[in-house]
Structures are given as C-alpha cells and as structure tokens.
J.: 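My questions will all concern the structure given below.
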Amino acid sequence: HPQTPVRAAMSNIQQLIMILNSATDTPSDILITYFNNCTVNPKDSILKRVESLEHIFKKKFAEAVGQGCAEIGSQRYKLGVRLYYRVMESMLKSEEERLSVQNFSKLLNDNIFHTSLLACAVEVVMATYGRNASQSDGTSAETDLSFPWILNVFDLKAFDFYKVIESFIKAEPSLTREMIKHLQHCEHQILESLAWQSGSPLFELIKQSKERESQAEQPEPPSA
Amino acid sequence: AQDYHFGLEEGEGISELFDCD
C-alpha cells in the first residue's frame, strides 16, 4: 500500500515500540557494572531521579492533555526511560572505547547530564507519537506537546539539552530519518533562539572563554 | 544519519561536553 503520512507515523510508532520492547525499565547488568566502577556509585540517584521526574511528567502531561490521559503520559514516559537506559549504555560503551576509561563517576553523577539525556529520550517518544496525534488516543492535535515543551517539564536549560543531541544520535543507530531530522530541528531552534534566552548557561561559557582568552593574551611578568 | 551534520571533533564526546574529561 502507498505510504500515507498516517501509515508512516504509525510504522514509526510500531518501530519504536519494537525497539524498546527488548529494552528494560531499569538499568541493565552492563549499566550496573559501569555504576559499580564509579568512585561514587550513581545508581540510587539515577533511580530516584527517574521516579521523581515521572511524577512531574505525568502531572504536566495530564495538565496539558487532560486528566483522563495521565496513564497515557505514564506509558510514554516509561518508553522514554527504556530509551534513556539503552542510549546511556551505548554512550558509555563508546566512551570507554574512545577514552580507555571505565570510571565515569563525574559524568554519571552529573544531574544535568541525566536530565538532558532522559529529556532527549522522552522527546523522541513524544515526537514519534506527536506525529500521529489523533483523536484515537485522546491527545488532541491542538495540545502542543512538541519541543521545547519537555524542557519546561523537566526545568532544563535548552543548551544543556543541546549538548546530548549529537551523542544521542550516534549512540542510537535505530533512530528513524524523520527522528534525526526532528532532533536536528531542535538543535537549530536552540542555537538560533532558545540558547540565547536570559539565564542560559551559554552566556557563562562565553564569559569563561573570554576570560581564558584575555589571560592567554597577558604578557608574562619578567620574573617568569 | 547521513543528513545530520555531526559537529564533534574526533577526540570529542559526551564526556568533554559535560566537562568530565
């Protein structure tokens, strides 16, 4: 049959669900091994964060779509969590290979890293379903859950979300072409506008780089 | 992913982006 937009969207959803069917709701044995290799084991904080963000996501989803859809929000969040653990494992494997390191204590105890990675995973799920937002599952096309909605839900700075996108795409080879285009669109939205909003961490980074440049340009004192 | 413009250098990854190198 010719590929209609709805059929294409449905196949993307089915593909996502198929990929995530084999993923787990909790960290895999390989992830647990990485956690155990850390100077400070991040496992408890990771599980606590996933649980607390689920409550927040479910509440915001229900507020946006309708109280009757809270369970749908919970299901979407759970798919996002599976993708989050799956991508985290893939990222750590590639970083281990690239850096010949097994102790990722600093990265795995970084709250912003985990919140950004989980937000990206949930955004992939939301965008996949969003393309097929129809009356059938109760979410109306008018409810705009599209990016950057997830940033507000997780109270996440756009530039921190931006930092995980490329590594996320590299770590998840089964992302569809449409999804990669969507994430690229998110990048452009962030770089062209969201990252320049007041309070963005980008301004601090620019300030630090300017300070480094000015220090590098200062002549050395004669004693040196 | 061919359409995606990868910007990280060879020696860069998620660890550098979160200052964990």
Side-chain angles (χ1 to χ4, degrees), chain A residues 38-39 42 87-117 120 159-188 191 201 204-205 208, chain B:
Chain A
C38 291
T39 311
V87 170
M88 189 193 314
E89 179 179 320
S90 174
M91 271 185 184
L92 292 173
K93 281 178 184 172
S94 58
E95 286 296 84
E96 178 182 10
E97 192 178 332
R98 183 174 72 89
L99 300 170
S100 302
V101 166
Q102 290 182 334
N103 182 348
F104 293 98
S105 192
K106 195 155 187 267
L107 182 66
L108 292 179
N109 283 284
D110 185 325
N111 176 55
I112 292 178
F113 164 69
H114 286 288
T115 308
S116 302
L117 186 58
C120 195
F159 190 68
D160 289 329
F161 181 91
Y162 166 85
K163 288 194 289 187
V164 298
I165 294 177
E166 180 165 341
S167 301
F168 190 104
I169 291 172
K170 281 182 179 175
E172 185 48 81
S174 51
L175 286 177
T176 62
R177 187 180 206 157
E178 290 85 8
M179 192 45 59
I180 290 171
K181 275 188 178 169
H182 173 73
L183 291 175
Q184 189 164 38
H185 176 69
C186 294
E187 270 189 342
H188 291 165
L191 288 181
E204 184 58 29
L205 286 174
Q208 286 172 13
Chain B
Q2 300 97 321
D3 302 337
Y4 181 81
H5 173 66
F6 291 98
L8 288 175
E9 302 289 332
E10 189 66 30
E12 289 174 331
I14 197 72
S15 300
E16 284 79 11
L17 291 176
F18 283 87
D19 297 328
C20 304
D21 53 354

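A note on names: the letters A, B, ... follow the listed sequences, proteins ahead of strands, and every chain is numbered from 1. The figures here come from the full heavy-atom set of this structure, side chains too, leaving out hydrogens, waters and symmetry mates.
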J.: Kindly compute the distance separating NZ (A:K106) from CZ (B:F18), expressed to the nearest 0.5 Å.
T.: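 Those atoms lie 11.0 Å apart.
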J.: Quick check: do A:I169 and B:F6 have side-chain heavy atoms less than 4.5 Å from each other?
T.: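 They are in side-chain contact.
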J.: Taking side-chain hydrogen bond (donor to acceptor under 3.5 Å, both in side chains) as the definition, give me every residue that meets it alongside A:S174, ordered by chain and number, with sequence neighbours left out.
T.: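 By the side-chain hydrogen bond (donor to acceptor under 3.5 Å, both in side chains) rule, A:S174 matches A:R86, A:E172.
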J.: Specify the closest pair of heavy atoms between B:S15 and A:E95, including all atoms of both residues, with the distance to one decimal.
T.: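 Smallest interatomic distance, heavy atoms only, reads OG-OE2, 2.5 Å.
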J.: Of all the heavy-atom pairs spanning B:L8 and A:E166, show the shortest one and how long it is.
T.: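 Nearest heavy atoms, B:L8 then A:E166: N-OE2, 3.0 Å.
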J.: Return the option, out of A:E187, A:K170, A:K163, with the maximum number of heavy-atom pairs under 4.5 Å with chain B.
T.: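 Among the listed options, the one with the most contacts to chain B is A:K163.
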J.: Please evaluate residues B:I14 and A:M88 with respect to the criterion side chain to side chain contact (heavy atoms under 4.5 Å, CB included), reporting the C-alpha separation (whole Å), side-chain torsions for both, the decisive distance (0.1 Å), and the verdict.
T.: CA-CA 11 Å; B:I14 197 72; A:M88 189 193 314; over 6 Å; no
J.: About how many Å separate CG of B:L17 and CG of A:L107, when rounded to the nearest 0.5 Å?
T.: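 It comes to 10.0 Å.
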J.: With a cut-off of 6.0 Å (strictly less than), are more than 12 heavy atoms of other residues, nucleotides or ligands near CD of A:E97?
T.: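 No, because the 6.0 Å sphere around CD of A:E97 holds 12 heavy atoms or fewer from other groups.
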J.: Can you name the side-chain hydrogen bond (donor to acceptor under 3.5 Å, both in side chains) partners of B:E12, sequence neighbours left out?
T.: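 Checked B:E12 against side-chain hydrogen bond (donor to acceptor under 3.5 Å, both in side chains); zero matches.
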J.: Restricting to non-hydrogen atoms, name the atom on B:G13 and the atom on A:S167 that form the minimum distance, rounded to 0.1 Å.
T.: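 Residues B:G13 and A:S167, closest heavy atoms: C-OG, 4.5 Å.
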J.: Closest approach of A:R98 and B:E10, non-hydrogen atoms and distance?
T.: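 Where A:R98 meets B:E10 most closely, the heavy atoms are CD-O, 4.3 Å.
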J.: Taking side chain as everything from C-beta outward and backbone as N, CA, C, O, which of these in A:I112 sits under 4.5 Å from a heavy atom of chain B? Side chain, backbone, both or neither.
T.: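 Both backbone and side chain.
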